[in-house]
Engineer: 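Starting off with a structure, shown below.
Naming: A, B, ... by sequence-line order, numbering from 1 per chain.
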2 protein chains.
Amino acid sequence: MKAIPQFIRHSLLYGGSLALLVMLLKWMQWKFLILDHSTEIYVGMVAVFFTLLGIWMARQLTRQKVETIIVEKEVIVESAQERNEEAIKKLGLSARETEVLELIAKGNSNAEIAAQLFLSLSTVKTHVSNLFVKMDVKSRTQAAEKAKRLKIIS
Amino acid sequence: MKAIPQFIRHSLLYGGSLALLVMLLKWMQWKFLILDHSTEIYVGMVAVFFTLLGIWMARQLTRQKVETIIVEKEVIVESAQERNEEAIKKLGLSARETEVLELIAKGNSNAEIAAQLFLSLSTVKTHVSNLFVKMDVKSRTQAAEKAKRLKIIS
DNA sequence: AAACCACTCATACTTTAGTACCAAATTCGA
DNA sequence: TCGAATTTGGTACTAAAGTATGAGTGGTTT
């Protein structure tokens, strides 16, 4: 669609306008040269015409020249942060320990955790004890509080 | 600073330019009228001059064309919701019980709660037991979880 | 005043949590 | 493939949590 480049179109238009003007000029010479001070009138017309032509050209050339101002609009978003893997790594929690921690934070007892994970109560207790050492807490409630504070649990 | 309105400035400039042009024109009449075809040269100069003037005017007039792009920027905001008094009332928790619940949710043991509230361990145990009945839970960890879920605690 | 409720404290008891120490099987990276 | 870490499980014990019951005090409501 954009076969003809813009500068060529402009050149043609300008050239055409000039040619037309020269013709007009020749005709005016015939018509007004006999009159005194006719040159001023005719130069004034030329001036007006070319001023308009200049304005039109400039508008064509600067039409795309648009200054863009980027305004940042703040949008409030709830902090939907995902599981904090970094905290888990920092504490050195193993996969099983993390599972147990999640169930603790949900309010499960050791027996319930054992049942859900198909483990013996002993195993759960071992995990819980190791968990407390790694998390530097002294009870499951503290562990749950810390887990939620560190966003380890959902 | 912007004492002179733009359209007045433009009018003065344009008027000045016209006056200058007329003077130039008069001088050129003296100089070139004796020569044949001199009119064409001088009209051409006028044309070029006024074309340039038109371009300049158009640029002045269209300089303020500004496009504003609004970019939405996400801002993470912590949900700072206040204490849920409604939930406390619905559960029928007393003032003392709510105090105890908060300390439980922070991971305190019964002994620590007793020390902080200047109560005996027995009293704390009584509060905790009543709390569990009212909240329909079976352990302090469950109570803490429910309290946080119902936004009773901070 | 009687009834009611919140708060306090106690004793006795059961259950669960938590600690310590051990040990075997498995997994996994160096 | 060797060793470290993980996972699993056990016993024995202590500490804490939780339940049940009772009781005294102070304040409010009916």
Engineer: I want to check something: taking the side chain as every heavy atom from C-beta on, are A:V137 and A:E145 in contact at a cut-off of under 4.5 Å?
Structural biologist: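 The answer is no; the side chains never approach within 4.5 Å.
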
Engineer: Any side-chain heavy-atom pair from B:I88 and B:L101 closer than 4.5 angstrom?
Structural biologist: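 Counting from C-beta outward, B:I88 and B:L101 never come under 4.5 Å.
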
Engineer: Thinking salt bridges, do B:E85 and B:K89 make one under a 4.0 Å N-O criterion?
Structural biologist: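 So B:E85 does not pair with B:K89 through a salt bridge.
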
Engineer: How long is the line joining CZ of A:R96 and P of D:dT7, in whole Å?
Structural biologist: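 Those two atoms, CZ and P, are 8 Å apart.
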
Engineer: For B:K134 and C:dC5, what is the distance between atoms NZ and P respectively, to the nearest whole Å?
Structural biologist: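 Value for this atom pair: 10 Å.
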
Engineer: Rounded to the nearest angstrom, tell me the gap between atom CD in A:E97 and atom C1' in D:dA5.
Structural biologist: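 Distance, rounded to whole Å: 10 Å.
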
Engineer: Which letter, B, S or -, goes with each nucleotide of nucleotides 21-30 of chain D from 5' to 3', with contact meaning a protein heavy atom under 4.0 Å?
Structural biologist: ----------

Engineer: Starting at CG of B:L93, measure out to OG1 of B:T98 and round the result to the nearest 0.5 Å.
Structural biologist: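 Rounded to the nearest 0.5 Å, the CG-OG1 separation comes to 5.0 Å.
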
Engineer: Going by heavy atoms closer than 4.0 Å, what residues in residues 107-122 of chain A are next to DNA chain D?
Structural biologist: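 Only A:L119, A:S120, A:S122 qualify.
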
Engineer: Once rounded to the nearest 0.5 Å, what's the spacing between atom CE of A:M135 and atom CG of A:N130?
Structural biologist: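 With rounding to 0.5 Å, CE (A:M135) is 13.0 Å from CG (A:N130).
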
Engineer: Write down the distance between CG (A:L131) and P (D:dT6), rounded to a whole number of angstrom.
Structural biologist: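 In whole Å, D:dT6 P and A:L131 CG are 12 Å from each other.
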
Engineer: Taking side chain as C-beta onward, heavy atoms only, is B:L103 less than 4.5 Å from B:L117?
Structural biologist: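 A side-chain contact under 4.5 Å exists here.
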
Engineer: Between B:R96 and B:E99, does any NZ, NE, NH1 or NH2 come within less than 4.0 Å of an OD or OE carboxylate oxygen?
Structural biologist: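 A salt bridge links B:E99 with B:R96.
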
Engineer: In this structure, how many angstroms lie between the C1' atom of C:dA10 and the NZ atom of B:K125, rounded?
Structural biologist: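 Atom-to-atom, B:K125 to C:dA10, this comes out as 11 Å.
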
Engineer: Should A:H127 be listed as having a side-chain N or O under 4.0 Å from OP1 or OP2 of D:dT8?
Structural biologist: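 So the side-chain polar atoms of A:H127 do come within 4.0 Å of the phosphate oxygens OP1 or OP2 of D:dT8, strictly under.
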
Engineer: Mind listing the residues from residues 135-143 of chain A sitting with a heavy atom below 4.0 Å of DNA chain C? Number order is fine.
Structural biologist: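 Heavy-atom cutoff 4.0 Å gives A:S139, A:R140.
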
Engineer: OP1, OP2 of D:dT8 versus side-chain N and O of A:T123: anything below 4.0 Å?
Structural biologist: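 No, no such contact exists.
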
Engineer: Please tell me if B:S129 has a side-chain N or O lying less than 4.0 Å from either OP1 or OP2 of D:dT19.
Structural biologist: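 So the side-chain polar atoms of B:S129 do come within 4.0 Å of the phosphate oxygens OP1 or OP2 of D:dT19, strictly under.
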
Engineer: Given atom CD1 of A:I104 and atom P of D:dA17, what is their separation to the nearest angstrom?
Structural biologist: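 My rounded result for the distance is 15 Å.
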
